[in-house]
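Working notes for the structure below.
Numbering of ligands and ligand atoms starts at 1, following listing order.
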Amino acid sequence: MDSPYRDTWEKLNQEIITCQQCPRLVAWREEVARTKRRAYRDWDYWGKPVPGFGDPQARLLIVGLAPGAHGSNRTGRMFTGDSSGDTLFAALYRAGFANQPTATEREDDLVLHNTFITAVGRCAPPKNRPTAQELANCRPFLSRELSLLPTVRVVLALGHVAFKGYLRALEERGLDVPRLKFGHNMQYDFASPLPTLMVSYHPSRQNTQTGRLTQAMFDTVFQQIQALL
Ligand code: SF4
């Protein structure tokens, strides 16, 4: 990213956590944190934008949609504490990208191997649907993460919104991105040094419960990524 200063993780994450650019999302994330879900009434919800996390030398970057209202909006760590995360971390563990199959809170001793996890939206959106403007507001954060992750060789986009958002981020970085089709287990190779893009259906409860995304389908994606790495 063109920048008058040298970016750092500390600076970026501080800006993310204190961001108030999207009034609708600020109101929603805070309201959810105040009202809570009954099962989590003893939790002190995070209720702020959620930064990415993982290995800063990662070769695999996973891009999701946005925090779940009672998932990472509660725990403060991407994909941590909801059913999407349950599916994702179990698959990462099976594939050797995580030291444990579960993620429940920020201090749960989870370690990602060679992997960094982020999302195109940082604030929990109502009905899991950020607006185009909200995603545009948030995209510079993804772009800065891309700059801070020079060793990434594979980007895995989870779901259509993440897929589109990542491609838009590349365009906004001045890259000429061809028209690409979204689909499960698709692989797109770009000219070096751009990472290969892998695409998966999002591990949402809706997709896993309906069988749109099975464990075998998800594992296949990570096996393919292992082969690429
Ligand atoms: S979605 Fe992104 S840009 Fe909007 S308030 Fe949250 S962190 Fe800021």
Taking a hydrophobic cluster as the set of Ile, Leu, Val, Met, Phe, Trp and Tyr residues connected by side-chain heavy atoms closer than 4.5 Å, whether directly or through intermediates, do [X] and [Y] fall within one such cluster?
X	Y	result
Phe182	Tyr166	yes
Tyr45	Met78	no
Phe89	Val111	no

Pair Glu145 + Arg122, salt bridge at N-O below 4.0 Å: yes

Do the charged groups of Arg74 and Asp82 touch, with an N to O distance under 4.0 Å?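 The answer is no: the pair does not qualify as a salt bridge.
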
Heavy-atom contacts with [X] under 4.0 Å: which atoms of ligand 1 show up? List them by number with element.
X	value
Gln21	3 (S), 5 (S)
Asn137	3 (S)
Cys19	3 (S), 5 (S), 7 (S), 8 (Fe)
Leu25	1 (S)

Among all the protein's non-hydrogen atoms, which is closest to atom 2 (Fe) of ligand 1, and how far away is it? Cys138 SG, 2.3 Å

Tell me the contacting part of Pro49 for ligand 1: side chain, backbone, both, or neither, using a 4.0 Å heavy-atom threshold, strictly below. side chain

How about Cys22: does one of its N, O or S atoms come closer than 2.8 Å to atom 4 (Fe) of ligand 1?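 So Cys22 counts as coordinating atom 4 (Fe) of ligand 1, yes.
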
Please find out if atom 8 (Fe) of ligand 1 and some N, O or S atom of Cys123 are separated by less than 2.8 Å. no

Full working for salt bridge (Lys or Arg N to Asp or Glu O under 4.0 Å) between Glu172 and Arg168: CA-CA 6 Å; Glu172 288 169 3; Arg168 284 303 300 272; 3.8 Å; yes

